[in-house]
Amino acid sequence: MKPTLILCPGIAKSGTTTLWRVLEDNGVIGHVDNKETHYLSILYGKDYDEIYPTDIKVKFGTWLIEKNGFTEYSFDNYIQYLKSISSPVDFSQTISNLPEHFLEEIRDVLLEHFKLKIILIYRDPVERLFSHCTNLSIETNRWGCETKSPIEFFYDYIDKPVFQTLYTTVSSKFDRIFDDVISLSMEKFYRSQKEHDRLAEFLEVEHINMLNRKDNVTSYHSHKLSEKDIEIGKEKLKSSYEYYSTLIS
């Protein structure tokens, strides 16, 4: 019987780290040193986020290669890496941005070796995006790269059609390509044992207990959105809100 591989492509800043810890603490997955290697996005090698500064992508990519000890990127090496893990899992959020043709290649290669389970977790679109932008501003500054304020990044993102429809695009893309996909709302999941039970049934495990924990929470410090910013964000991200409403109803 093929082992199960759990992929959680994001969405980034929607509680993926907490979800990873919940699965680990419940014994669904074993301990993994690297929650996200971004192996597949490095293998793909093309730019899919024009807002994310190029210089931090280069520095971060180089750091990941050194950290993970990968000297050559290929599907074969990725398979061998996953097989070296007792409970194969990859929470690299950049997977959500990969194009359909590449995801189809990944699917066909992975299905030769694993049973695939895809978890997508979403969060209020404006809150999630601003959290991402706050983290991006902090990280670019930390890496010594040219940066912008969180609010500047926020408006850069909401003015791009490709990011305005992010939730519907990701959802429809993964539903088309993969057979076993579950979509969760961060706000609903972390307040509901029923949602934990739904995830347990999807993953074919006996039980997943709710845990009172939050991991990798970005500190906003003085960065906040005004009521006007929130209203503009909700209008620009209307498509994502329409999809998100189906998850929290």
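The first residue of the sequence shown is numbered 1, and numbering continues consecutively from there.
In this structure, S87 contributes its side chain and G30 its backbone to a donor-acceptor pair below 3.5 Å. Not a single donor-acceptor pair under 3.5 Å links the side chain of K148 to the backbone N or O of S137. Using a distance-only test at 3.5 Å, with no hydrogens or angles considered, no donor-acceptor pair links the side chain of D25 to the main chain of L211. The backbone N or O of S149 sits less than 3.5 Å from a side-chain atom of E152, completing a donor-acceptor pair. At least one donor-acceptor pair closer than 3.5 Å links the side chain of Y241 to the backbone N or O of V126. With hydrogens and angles ignored, the 3.5 Å screen pairs a side-chain donor or acceptor of S185 with a backbone N or O of K188. The backbone N or O of S226 sits less than 3.5 Å from a side-chain atom of D229, completing a donor-acceptor pair. With S41 contributing its side chain and H38 its backbone, the two residues share a donor-acceptor pair below 3.5 Å. No side-chain donor-acceptor contact under 3.5 Å links K117 to the backbone of I182.
The two residues C8 and I121 come nearest to each other via the heavy atoms SG-CG2, 4.4 Å. Scanning both residues, I119 and P9, for their nearest heavy atoms gives O-CD, 3.2 Å. The shortest heavy-atom contact between H207 and N26 is O-OD1, 4.2 Å. Residues S183 and L247 share a closest heavy-atom pair of CB-CD2, 3.9 Å. Minimum interatomic distance between L103 and F174 (heavy atoms only, all atoms of both residues): CD1-CZ, 4.0 Å. Residues Q164 and S240 come closest through the heavy atom pair O-OG, 3.2 Å.
At least one side-chain heavy atom of Y167 sits less than 4.5 Å from a side-chain heavy atom of R128. Side-chain atoms of F189 and L199, non-hydrogen and from C-beta on, do get closer than 4.5 Å to each other. Residues L120 and L184 fail the side-chain proximity criterion, which asks for heavy atoms closer than 4.5 Å. Between F163 and K160 there is a side-chain heavy-atom pair separated by less than 4.5 Å. No side-chain heavy atom of K2 sits under 4.5 Å from any side-chain heavy atom of H113. Residues E146 and T140 form no side-chain contact, since every pair of their non-hydrogen atoms from C-beta on lies 4.5 Å or further apart. Side-chain atoms of P125 and Y243, non-hydrogen and from C-beta on, never get closer than 4.5 Å to each other. When side chains are defined from C-beta on, L237 counts as touching I158, because their heavy atoms get closer than 4.5 Å.
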| request: Evaluate side-chain contact (heavy atoms from CB on, under 4.5 Å) for L116 paired with I6, printing each intermediate quantity in order. | output: CA-CA 6 Å; L116 283 178; I6 300 173; over 6 Å; no

| request: Could you give me the CA-CA distance, side-chain angles and deciding distance for E127 and K13, then say whether salt bridge (Lys or Arg N to Asp or Glu O under 4.0 Å) is met? | output: CA-CA 9 Å; E127 291 183 4; K13 307 311 293 182; over 6 Å; no

| said: Under the criterion side-chain contact (heavy atoms from CB on, under 4.5 Å), I'd like the reasoning laid out for V162 against D49: C-alpha separation, chi angles, the key distance, then a yes or no. | reply: CA-CA 9 Å; V162 66; D49 184 343; over 6 Å; no

| request: Begin with the C-alpha distance, continue with both residues' side-chain angles, and end with the deciding distance and a verdict on ring pair (Phe, Tyr, Trp, His ring centres under 6.0 Å) for Y73 and Y78. | output: CA-CA 7 Å; Y73 282 76; Y78 184 58; 9.3 Å; no

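Inspection of the E242 and S239 side chains reveals no N or O donor paired with an N or O acceptor under 3.5 Å. Under the 3.5 Å distance criterion, with hydrogens and angles disregarded, no donor-acceptor pair is assigned to the side chains of T18 and Y190. Side chains of D90 and S92: a donor on one and an acceptor on the other come within 3.5 Å. A donor atom on one side chain and an acceptor atom on the other are not found under 3.5 Å apart for T37 and N34.
In this structure T16 satisfies the side chain to side chain donor-acceptor pair (under 3.5 Å) test together with K35, Q93, sequence neighbours excluded. With sequence neighbours left out, the side chain to side chain donor-acceptor pair (under 3.5 Å) criterion links Q193 to D197.
Cluster annotation: F202 and M210 are assigned to distinct hydrophobic clusters (Ile/Leu/Val/Met/Phe/Trp/Tyr, side-chain heavy-atom contacts under 4.5 Å, transitive). Under the 4.5 Å side-chain heavy-atom criterion for ILVMFWY residues, a single connected hydrophobic cluster contains both I232 and L129.
Checked against the 6.0 Å centroid threshold, Y81 and F70 count as a close aromatic pair. Under the 6.0 Å cut-off for aromatic ring centres, F154 and Y157 do not qualify, their centroids lying 6.0 Å or more apart. Here F75 and F102 bring their ring centres to under 6.0 angstrom of each other. Checked against a 6.0 Å centroid threshold, the rings of H132 and F153 do not count as neighbours.
By the 6.0 Å contact criterion, CG on D179 is open, its count of non-hydrogen atoms from other residues, nucleotides or ligands being 12 or less.
Between R198 and E201 there is no salt bridge, since no side-chain nitrogen of the basic residue lies less than 4.0 Å from a carboxylate oxygen of the acidic one. Contact check on E231 versus K228 returns no salt bridge, with no Lys/Arg side-chain nitrogen under 4.0 Å from an Asp/Glu carboxylate oxygen.
Here side chain to side chain donor-acceptor pair (under 3.5 Å) pairs that include residues 96-105, with residues two or more places apart or in two chains, are E100-R176.
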